[in-house]
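Here the structure is laid out as structure tokens; the discussion comes afterwards.
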Amino acid sequence: MGLDINIKGLEREDTYHGGYIRFGNYRMKVAKAFNKTLGEIYEKSYLTPNYEYTDDEIEQWNQLCNNDLDIFLWHSDYDGKLTPKECKKIYNELKKLKIKDLPYSDKWTMQELWLNMLKHCYKYRVNMYFY
């Protein structure tokens with residue numbers, strides 16, 4: 001079981017096909033690269049099944065995070081889609097971040113892969129599908 005990304009116009013090797021944990025690890029690194037405290041709050045949902053955020057954590061989150069990054073961090077990891085407009089918003093946030101290399105393949109790091117997929121979607125006006 002895992003996440004498969006399908007994007008019209010990209011070959012399989014240029015899209016994400018991997019485990020939920022690997023994708024979750026990447027999103028945790030994204031959150032931490034954006035803001036350390038934000039990353040620590042975000043990580044709790046991965047470390048503790050059915051974790052319920054406190055009112056204080058929700059308030060902190062809303063003060064620290066922006067809506068464009070929220071799209072990526074809270075999108076379902078097993079189904080749904082991202083529109084070209086959403087992909088552009090996410091791309092603009094992710095490209096600002098320094099993510100320590102998380103290898104994906106001989107060709108891509110996770111950061112490079114996601115930036116490439118997001119850019120392709122908004123440039124060619126195609127959806128990104130999560131399966």
Checklist entry - Would you say the side chain of Lys44 lies within less than 4.5 Å of the side chain of Glu57, judging by non-hydrogen atoms? => result yes
Next on the checklist: Can a donor-acceptor pair be found, under 3.5 Å and without considering hydrogens, that links the side chain of Thr48 to the backbone of Ser45?
Outcome noted: no
Checklist entry - Do Leu69 and Leu94 touch side chain to side chain, with heavy atoms closer than 4.5 Å? => result yes
Checklist entry - To the nearest 0.5 Å, what is the distance between SG (Cys87) and NZ (Lys123)? => result 14.5 Å
Checklist entry - Between Tyr46 and Pro49, is there a donor-acceptor pair closer than 3.5 Å when you use the side chain of the first and the backbone of the second? => result no
Item to check | Chi angles and distances behind the side-chain contact (heavy atoms from CB on, under 4.5 Å) call for Lys107, Leu113 | outcome: CA-CA 9 Å; Lys107 185 176 181 179; Leu113 177 71; over 6 Å; no
Next on the checklist: Are the side chains of Lys8 and Tyr124 in contact, using a 4.5 Å heavy-atom criterion?
Outcome noted: no
Next on the checklist: If you define the side chain from C-beta out and look only at heavy atoms, does anything of Thr109 sit under 4.5 Å from Pro103?
Outcome noted: no
Item to check | His17 side chain vs Asn6 backbone, donor-acceptor pair below 3.5 Å | outcome: no
Checklist entry - Would you say Arg125 and Tyr122 make side-chain contact, with heavy atoms under 4.5 Å? => result no
Item to check | Any residue meeting ring-ring contact (aromatic ring centres under 6.0 Å, His included) with Tyr129, in chain and number order, not counting sequence neighbours | outcome: none
Checklist entry - Nearest 0.5 Å, what's the CG-CD1 distance between Leu3 and Ile21? => result 13.0 Å
Checklist entry - Short question: side chain of Arg27, backbone of Phe72 - any donor-acceptor pair under 3.5 Å? => result yes
Item to check | Chi angles and distances behind the side-chain contact (heavy atoms from CB on, under 4.5 Å) call for Tyr91, Leu115 | outcome: CA-CA 6 Å; Tyr91 174 84; Leu115 287 173; 3.7 Å; yes
Item to check | Pair Gln111, Tyr104: side-chain N/O donor-acceptor within cut-off below 3.5 Å | outcome: no
Item to check | Check: Tyr42 side chain, Leu73 main-chain N or O, donor-acceptor pair, under 3.5 Å | outcome: yes
Checklist entry - Would you call Lys88 and Asp68 a side-chain contact if the rule is heavy atoms closer than 4.5 Å? => result no
Item to check | Partners passing ring-ring contact (aromatic ring centres under 6.0 Å, His included) against Tyr53 (at least two apart in sequence or in another chain) | outcome: Tyr51
Next on the checklist: Keeping Tyr20 on the side-chain end and Gly2 on the backbone end, is there a donor-acceptor pair under 3.5 Å?
Outcome noted: yes
Next on the checklist: With rounding to the nearest 0.5 angstrom, report the CG to NZ distance, Asn92 to Lys119.
Outcome noted: 10.5 Å
Checklist entry - How far does CD1 of Ile41 sit from CD of Glu59, to the nearest 0.5 angstrom? => result 10.5 Å
Pairs of donor and acceptor atoms involving the side chains of residues 29-40, under 3.5 Å and at least two apart or interchain, shall be tabulated with distances.
{"residue": "Lys32", "atom": "NZ", "partner": "Glu43", "partner atom": "OE2", "Å": "3.0"}
{"residue": "Asn35", "atom": "OD1", "partner": "Thr37", "partner atom": "N", "Å": "2.9"}
{"residue": "Asn35", "atom": "OD1", "partner": "Leu38", "partner atom": "N", "Å": "3.0"}

Checklist entry - Side-chain contact, heavy-atom cut-off 4.5 Å: Trp114 with Phe23? => result yes
Checklist entry - Heavy-atom distance under 4.5 Å between the side chains of Met110 and Ile99, does that happen here? => result no
